[in-house]
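Notes for the one structure printed next.
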Amino acid sequence: QVQLAESGGGLVQAGGSLRLSCTASGRRFSTYTMGWFRQAPGKEREFVARNTWSGSSTTYADSVKGRFTISRDNAKATVYLQMNSLKPEDTAVYYCAASTIFFATMTSQYNYWGQGTQVTVSS
């Protein structure tokens, strides 16, 4: 069992930036692949980004590639999502998740989920 807690969401103008954080409660944070997902109103939860336990392998959804950056600090048991050049289409509840599958990118591959943090981008 691992507990995840997201923070950093809020309201931002289009073109602005936000940095989301997700802190894990467990002692084995470094062994998990960490992912970020989002769910917009009326839509299914979608993959945003993930990195492996070492942080050396990262994957991004095409919709955010070049704008978002995932990183992690294993000493702080925290994963980050730096979001730049935000668009109204990025408006969603953002979730962090942990997986024991090394290259996990699907929701079904993640074992633990945070409660989500709201990101709203105005035009």
Side-chain angles (χ1 to χ4, degrees):
Q1 178 70 28
V2 59
Q3 294 183 343
L4 306 174
E6 304 99 330
S7 63
L11 175 64
V12 66
Q13 294 285 330
S17 299
L18 285 173
R19 190 191 196 194
L20 306 183
S21 299
C22 175
T23 299
S25 64
R27 302 292 187 184
R28 301 294 303 278
F29 174 78
S30 63
T31 69
Y32 292 103
T33 288
M34 298 297 298
W36 285 96
F37 294 78
R38 66 187 183 186
Q39 188 165 18
K43 296 186 177 180
E44 296 182 347
R45 190 169 299 183
E46 66 175 353
F47 169 78
V48 175
R50 72 107 177 93
N51 67 2
T52 60
W53 65 268
S54 68
S56 62
S57 179
T58 60
T59 301
Y60 298 93
D62 288 341
S63 59
V64 306
K65 195 174 299 181
R67 300 189 296 120
F68 291 10
T69 302
I70 187 172
S71 62
R72 66 194 293 159
D73 185 337
N74 287 334
K76 295 182 178 180
T78 300
V79 63
Y80 305 95
L81 186 68
Q82 178 67 46
M83 305 184 294
N84 299 325
S85 302
L86 283 162
K87 305 174 181 179
E89 307 93 272
D90 296 318
T91 295
V93 176
Y94 283 71
Y95 300 88
C96 69
S99 177
T100 58
I101 299 173
F102 201 65
F103 296 114
T105 57
M106 305 297 176
T107 58
S108 62
Q109 296 175 310
Y110 283 79
N111 310 96
Y112 308 104
W113 293 84
Q115 71 275 30
T117 185
Q118 177 71 48
V119 172
T120 302
V121 184
S122 61
S123 59

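Heads up: numbering here begins at 1 and tracks the sequence. Because only heavy atoms are used, hydrogens play no part in the values below, and waters and symmetry mates are left out as well, while side chains stay in.
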Between T58 and N51, does a side-chain hydrogen bond (donor to acceptor under 3.5 Å, both in side chains) hold up when you go through it step by step?
CA-CA 4 Å; T58 60; N51 67 2; over 6 Å; no
Apply side chain to side chain contact (heavy atoms under 4.5 Å, CB included) to residues W113 and R45 and explain how you reach the verdict.
CA-CA 12 Å; W113 293 84; R45 190 169 299 183; 3.4 Å; yes
Which atom of [X] lies closest to which atom of [Y], heavy atoms considered:
{"X": "V2", "Y": "A24", "answer": "CG2-CB, 3.9 Å"}
{"X": "S99", "Y": "N111", "answer": "CA-OD1, 3.4 Å"}
{"X": "G116", "Y": "V93", "answer": "CA-CG1, 3.8 Å"}

Roughly how far apart are [X] [atom1] and [Y] [atom2], rounded to 0.5 Å?
{"X": "Y112", "Y": "Y32", "atom1": "OH", "atom2": "OH", "value": "4.5 Å"}
{"X": "E44", "Y": "Q39", "atom1": "CD", "atom2": "CD", "value": "8.5 Å"}
{"X": "E89", "Y": "S123", "atom1": "CD", "atom2": "OG", "value": "10.0 Å"}
{"X": "I70", "Y": "Q82", "atom1": "CD1", "atom2": "CD", "value": "12.0 Å"}
{"X": "T117", "Y": "W36", "atom1": "OG1", "atom2": "CH2", "value": "7.5 Å"}
{"X": "T69", "Y": "M83", "atom1": "OG1", "atom2": "CE", "value": "11.0 Å"}

Do you see a donor-acceptor pair shorter than 3.5 Å between the side chains of R50 and T59?
yes
Among Y95, F47, F37, exactly one meets ring pair (Phe, Tyr, Trp, His ring centres under 6.0 Å) together with Y110. Which residue is that?
F37
Parallel, tilted or perpendicular: which one describes the rings of F68 and Y94, with boundaries at 30° and 60°?
tilted
Within a radius of less than 6.0 Å around CD of Q118, do more than 12 heavy atoms belonging to other residues, nucleotides or ligands occur?
yes
Would you check, one step at a time, whether the test side chain to side chain contact (heavy atoms under 4.5 Å, CB included) holds for M34 with L4?
CA-CA 10 Å; M34 298 297 298; L4 306 174; 4.1 Å; yes
Has [X] got a side-chain atom pairing as donor or acceptor with [Y]'s backbone, closer than 3.5 angstrom?
{"X": "D90", "Y": "V119", "result": "no"}
{"X": "R72", "Y": "T52", "result": "yes"}
{"X": "E6", "Y": "Q115", "result": "yes"}
{"X": "R38", "Y": "T91", "result": "no"}

Is it true that Y80 and L20 fall in one hydrophobic cluster, defined by side-chain heavy atoms closer than 4.5 Å?
no
Any chain of hydrophobic side-chain contacts (each under 4.5 Å) joining V48 to V12?
yes
